[in-house]
Amino acid sequence: MAEGLFKEGIAAARLSPEKYADNFSDLHPPLDHHEALVESDRCYFCYDAPCMQACPTSIDIPLFIRQISTGNPIGSAKTIFDQNILGGMCARVCPTETLCEEVCVREVAEGKPVQIGRLQRYATDVAMAQNKQFYERANNTGKKVAVVGAGPAGLAAAHRLARYGHEVTVLEAREKSGGLNEYGIAAYKSTDNFAQAEVDYVTAIGGISIVNGKALGRDYALSDLTASYDAVFLGLGLTGVNALRAEGEESDGVENAVEFIAELRQARDLSALEVGRRVVVIGGGMTAIDAAVQSKLLGAEEVTICYRRGKEHMNASEFEQDLATSKGVTIRHWMQPKMVVAENGRVAGIELEYTAMAGEKLAGTGKTLRLEADQVFKAIGQSFDPASLNGSGASIAMEAGRIKVDAEGRTSLPKVWAGGDCIFGGDDLTVSGVAQGRDAAESIHLALMGG
Amino acid sequence: MADIRNNFVGIKSPNPFWLASAPPTDKAYNVIRAFKAGWGGVVWKTLGEEGPPVVNVNGPRYGAIWGADRRLLGLNNIELITDRDLFVNLREIKQVKKDWPDRAVVVSLMVPCEEHSWKAILPLVEETEADGIELNFGCPHGMSERGMGSAVGQVPEYIEMVARWCKQYTRMPVIVKLTPNITDIRYPARAAMRGGADAVSLINTITSITSVNLDSFSPEPSIDGKGSHGGYCGPAVKPIALNMVAQIARDRETHGLPISGIGGVTTWRDAAEFLALGAGNVQVCTAAMTYGFKIVQEMIEGLKNWMDEKGHANLDSIIGRATPNVTEWQHLNLNYVAKAHIDQDACIKCGRCHIACEDTSHQAITSMVDGKRHFEVIEEECVGCNLCVNVCPVENCITMDPLAPGELDRRTGKTVSPIYANWTEHPNNPMAKVAAE
Ligand SMILES: Cc1cc2nc3c(=O)[nH]c(=O)nc-3n(C[C@H](O)[C@H](O)[C@H](O)COP(=O)(O)OP(=O)(O)OC[C@H]3O[C@@H](n4cnc5c(N)ncnc54)[C@H](O)[C@@H]3O)c2cc1C
Ligand code: SF4
C-alpha cells in the first residue's frame with residue numbers, strides 16, 4: 001500500500017513527526033533584541049503617521065517604535081495596549097501588508113516598510129512574558145454588562161468595560177475562549193497556545209468572568225440578558241457557512257474549511273489529522289488560503305485553490321497569495337464549481353466552469369474543466385446566523401444579513417451594542433473586531449454613566 | 001589622474017592620510033600593517049621620558065555614543081601615552097623608518113615641562129631618523145594631572161617655551177598638537193608660531209563624559225564603579241575641528257602656518273573638507289579604530305576621484321580653497337534670500353519637515369492640501385532657515401533655492417536687491433547708525 005504522501009484518499013500521518021513540527025512553526029519568527037533595535041531605527045517618526053491612520057485601532061505606531069529603539073519595550077507595549085489590548089495577536093495575524101505597513105513611507109519609497117507587525121510583537125511579547133499589567137480597574141460602578149462571544153470583539157469590549165469599573169460577564173458558546181483566535185487563525189500564525197495566554201492576560205485585570213458553553217439562543221435569549229444586565233454587547237462572529245450551490249455538495253469529502261481549520265487548531269497530534277492526497281479549495285479569501293496552505297503542510301500532494309474571479313479581486317492579500325504559492329499551492333482564477341463528482345458517495349473530483357465578465361456581471365462561459373480531488377473545502381465566505389437572536393422581544397435591525405449598528409456600535413435595540421464580524425460594514429479582521437469592541441465599550445460606558 | 005603626494009613641512013608621504021598618534025600607532029606591528037594597507041604616514045604613539053613607563057587602567061579605556069544601527073559617532077578614551085619602554089619604541093621606530101622610507105614617520109612626545117627633559121629625549125628620537133616630532137600638548141586626561149598634555153596646551157606661554165626648546169635642540173621639523181579645551185584656539189596657535197614651531201596639528205580630543213550607567217550611576221567607561229573624564233573624538237567632533245582649523249588658517253598672525261587637520265576624519269570627503277579649510281594633510285584615528293586600516297583605500301581613491309572629476313591636479317590646488325569663504329556673521333549678505341523647495345517626486349511624505357517647521361520654526365510647510373497629505377513650502381512664511389532640509393530623511397528632496405535679484409520675496413513683499421549689504425551697514429545696527437551720523 002502506498003505510504004505517506006502517496007496514500008490515496010483522505011489519510012492521516014502523511015509526514016514524519018519532525019516535518020509536522022517544522023511545517024507548523026512560527027510563520028514570522030520573533031525579532032530578537034538586536035533585530036528589534038535595528039528595525040526600530042528605520043522608523044522615521046513621521047508626523048501624523050500614515051501607518052497610524054491605517055491601523056483600525058489607531059495605535060501610536062511611531063511612538064511605540066521609538067520606545068523600542070530607546071530601550072523601553074515595556075513603555076512601548078503600553079502604547080500598543082492603550083489602543084489595542086489584543087495587540088499581541090494582532091501583531092501576529094494582521095495582514096499588515098494591506099494595513100499599517102502598506103502605507104509606511106518606507107514602503108512607498110523603497111518597497112521595504114518598517115516591519116511594524118513584528119516590532120509590535122517584540123514589545124508585546126516582552127510585556128506579556130513578564131505578565132506586566134498596565135491597567136487597574138476603576139472603582140466598581142455597580143453596573144453589569146453582558147458580553148456575548150469571547151472573540152476579539154468581545155474580549156476588547158470586556159477589557160475596556162472592566163477598566164471603567166463595570167462588572168462584565170462574558171457568555172461564550174464554545175469550550176474555549178478567544179473566538180477565531182483559538183479556532184480560526186492559521187496554526188503557524190499563533191503558535192504555543194498564544195490565544196489562551198492572551199485571554200488570560202486580558203482577563204487578568206479582574207472584573208471579567210467568562211462562562212463557557214453558554215450559547216445565546218440555546219441557553220438563554222437576548223431578552224433575558226437585557227432584563228438582567230444594564231447593557232449587552234454582541235460579538236458573535238460568523239457561524240454560518242455559504243453553500244457551494246453545486247450538484248453533489250453533500251458527498252463525503254466535501255467539507256467546510258472553517259471546521260477543518262478549527263479541528264486542526266485543536267489537534268494535539270497533527271499526524272493524526274486526515275487530509276486528502278488531492279485537495280481542492282473553493283474560495284478567494286484568507287480562509288481559502290489558510291485551508292489550502294495547511295492542507296499542504298499536512299502533507300497533501302496536490303492543493304488547488306479555485307476562485308471565480310481574477311487575482312486582483314481576491315480578498316486574500318498578495319502576501320497571503322504568495323505565501324500559498326511558495327508552499328506549493330496552485331491558485332486558479334476565473335472558474336466556479338459546477339458539480340462535485342462522486343463515486344460511491346465519495347468525492348472523486350470536481351467539475352468547474354470557466355467564468356468571465358459579461359459586462360458588469362460575472363457569468364459562466366459554458367466551458368468546463370474537471371479536477372481530480374479526494375477532498376473539497378468550501379471557503380466561499382461565512383455568514384451571520386441570526387437564529388441565536390430569536391426570542392428577543394423586538395427584533396434587531398439587520399443589514400445585508402448582519403447586525404446593523406451606528407458609528408458607536410449601537411444596534412436598533414436599546415441597551416444592545418454589537419461589534420466584530422457579526423455587524424454590517426466591517427472588514428472581518430481581528431484588529432477591526434478589537435476596534436469595534438473597544439469603541440462600543442466606550443459608548444456603553446458613556447450611556448451607563450451619563451444616565 | 002590627480003597627484004595626491006603630500007609634502008608637509010618637508011615631510012613627504014605618498015598621500016595626505018596619516019594615522020594620528022594613538023593606539024593604532026603604538027608599535028611596529030600595527031604601523032607595518034597600516035603601511036601595508038596604504039597609509040601615507042604615522043605619528044607614533046606618544047613617547048614619555050626615560051624610566052619606568054606609565055601604566056594604564058586595567059579596565060575599559062573607551063566609551064562611545066552611537067547613531068542608528070549602532071554606528072559609532074563619538075569615542076572617548078582614558079588611555080595614557082605609550083606604556084611600553086622608551087627604547088623598545090625607539091628601536092622599532094628606527095627599523096620601521098628604514099624599511100618604509102617613502103612613508104612619513106613622525107614621533108609624538110610628551111615629557112615634563114622642563115628644558116632638560118626635552119633636551120634629553122630629542123637626540124634619542126633624532127637618532128631613529130624619524131621625519132619629525134609632534135609635541136603632545138593635547139591629552140585632556142591623566143597626563144594633564146601631572147602637568148603635561150593639555151595642562152601645557154592651555155597655557156600659551158608654556159607652548160611657546162617648549163616649542164622654542166625643541167627648535168633649539170633638534171633639526172627635525174616640530175609640529176605642535178593643540179588641545180581644543182580652550183576658549184580661543186588662535187592663542188595657542190600663535191604661541192606655537194612664536195616659539196618657532198613648523199606647524200600645528202589639531203584638534204586633540206575634547207574633555208568629555210560619554211554616558212552614565214543608570215544601574216550603578218557610574219560614568220562610562222567605568223573602572224570599579226568610578227569614571228574619569230576622557231578625550232572625545234570621532235565623527236561627532238569634526239565640526240568643532242573644522243572651525244578651529246579655519247580660525248587658524250584665517251588668523252592674521254598664523255595665516256600660512258602649516259596645519260595637520262585632525263578630528264573625525266572618516267571618509268575622503270571629510271579629508272577634502274579639512275584640506276579646503278587650510279589643512280596641509282589629515283590625521284585619522286577613530287575611523288581606523290572602528291573599521292580597521294583598510295578604510296584608507298576608500299579615502300585615497302575617493303579623494304583622487306573627486307579631484308579628477310573637478311579637475312584639481314594636486315593637493316596644492318585644493319588646500320585652503322574654502323578659507324577665504326569663511327567670514328564673520330556680520331559680513332554675510334543680508335540681501336541673499338533663499339526659499340525651501342520640496343521636490344514632490346522625491347518626497348516620501350513622512351511629514352518631518354512640516355512638524356519641525358510647525359512646532360519649532362516658522363509654520364511655513366503645509367501638511368494637508370485639498371484634504372490630502374501634502375507637504376509644500378508656503379513662501380510667504382519661509383525664512384529659508386534650512387531646518388527642513390536638515391531633518392528630511394531623503395537627500396536632495398528639499399533644496400534651498402536662492403531668489404534671483406529682482407524677484408519678489410513673498411514673505412517681506414519686497415523685491416530682492418542685487419546689492420550686497422551686510423549688518424555693518426544695516427539701519428537696525430546701532431553701531432551702523434553711529435557711523436552714519
Ligand atoms: C480561517 C480564518 C482565518 C482568519 N485569518 C485571519 C487573519 O490572519 N488575520 C485577521 O485579521 N483576521 C483573520 N480572520 C478573521 C478574524 O478571525 C475575525 O475577523 C475575528 O475573529 C472576528 O472577531 P469576532 O470577535 O467578531 O468573532 P469571532 O472571533 O468569530 O468570535 C465570536 C465568538 O462568539 C462565540 N459565539 C458565536 N455565537 C454565539 C452564541 N450564540 N452564543 C455565545 N457565543 C457565541 C463564538 O464561539 C466565538 O467565540 C480569519 C478568519 C478565519 C475564518
Ligand atoms: S494592530 Fe495590526 S494594523 Fe495596527 S499597527 Fe498593529 S499590526 Fe499594524
Side-chain angles (χ1 to χ4, degrees), chain A residues 31-55 58-76 79 96-97 99-116 118-119 122 126 130, chain B residues 64-73 210-217 220 235 340 342-378 387-398:
Chain A
L31 296 174
D32 68 23
H33 177 71
H34 172 72
E35 290 170 319
L37 284 184
V38 172
E39 191 60 23
S40 62
D41 265 338
R42 296 186 61 231
C43 174
Y44 285 142
F45 202 68
C46 295
Y47 165 73
D48 192 18
C51 53
M52 201 172 149
Q53 309 288 340
C55 170
S58 313
I59 293 173
D60 191 340
I61 297 166
L63 183 61
F64 96 66
I65 294 180
R66 193 170 175 81
Q67 287 170 309
I68 292 175
S69 75
T70 60
N72 181 13
I74 294 290
S76 173
T79 302
T96 51
E97 63 280 2
L99 296 170
C100 50
E101 291 177 20
E102 180 180 41
V103 296
C104 172
V105 300
R106 297 199 83 145
E107 163 64 23
V108 179
E110 341 161 357
K112 284 201 195 78
V114 175
Q115 297 180 62
I116 298 168
R118 292 180 82 191
L119 286 168
Y122 171 76
V126 170
Q130 299 176 18
Chain B
I65 63 160
W66 299 272
D69 209 359
R70 250 178 102 85
R71 186 173 287 255
L72 190 133
L73 297 181
T210 42
S211 59
V212 174
N213 183 313
L214 293 178
D215 294 321
S216 64
F217 289 109
E220 302 278 12
I342 302 174
D343 175 350
Q344 293 301 331
D345 293 330
C347 176
I348 61 170
K349 301 192 167 49
C350 68
R352 283 188 7 187
C353 56
H354 162 80
I355 201 60
C357 189
E358 188 71 16
D359 277 355
T360 71
S361 294
H362 299 89
Q363 298 75 47
I365 297 179
T366 64
S367 62
M368 281 281 171
V369 174
D370 298 331
K372 282 216 190 82
R373 192 173 170 81
H374 183 81
F375 303 95
E376 200 176 281
V377 175
I378 305 162
L387 178 64
C388 52
V389 173
N390 293 329
V391 302
C392 176
V394 181
E395 205 181 343
N396 296 327
C397 171
I398 312 183

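Lettering follows sequence order; numbering is per chain, from 1. The model shown is predicted, which means the values in this text are computed figures rather than measured ones.
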Can you pull every donor-acceptor pair closer than 3.5 Å across chain A and chain B?
residue	atom	partner	partner atom	Å
A/Asp41	OD2	B/Asp69	N	2.7
A/Tyr44	O	B/Arg352	NH1	3.0
A/Tyr47	N	B/Cys350	O	2.9
A/Tyr47	O	B/Arg373	NH1	3.3
A/Tyr47	O	B/Arg373	NH2	2.8
A/Asp48	O	B/Arg373	NH1	2.7

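- The only option from B/Cys347, B/Cys350, B/Pro393 that meets the side-chain contact (heavy atoms from CB on, under 4.5 Å) definition with A/Val105 turns out to be B/Cys350.
- Scored by the side chain to side chain contact (heavy atoms under 4.5 Å, CB included) test, A/Val108 finds no partners at all (sequence neighbours excluded).
- The side chain to side chain contact (heavy atoms under 4.5 Å, CB included) test applied to B/Cys388 returns B/Ala340, B/Cys353, B/Ile365, B/Ile398, B/Met400, not counting sequence neighbours.
- A pairwise comparison of heavy atoms in A/Ala109 and B/Ile348 identifies CB-CG2, 3.2 Å as the closest pair.
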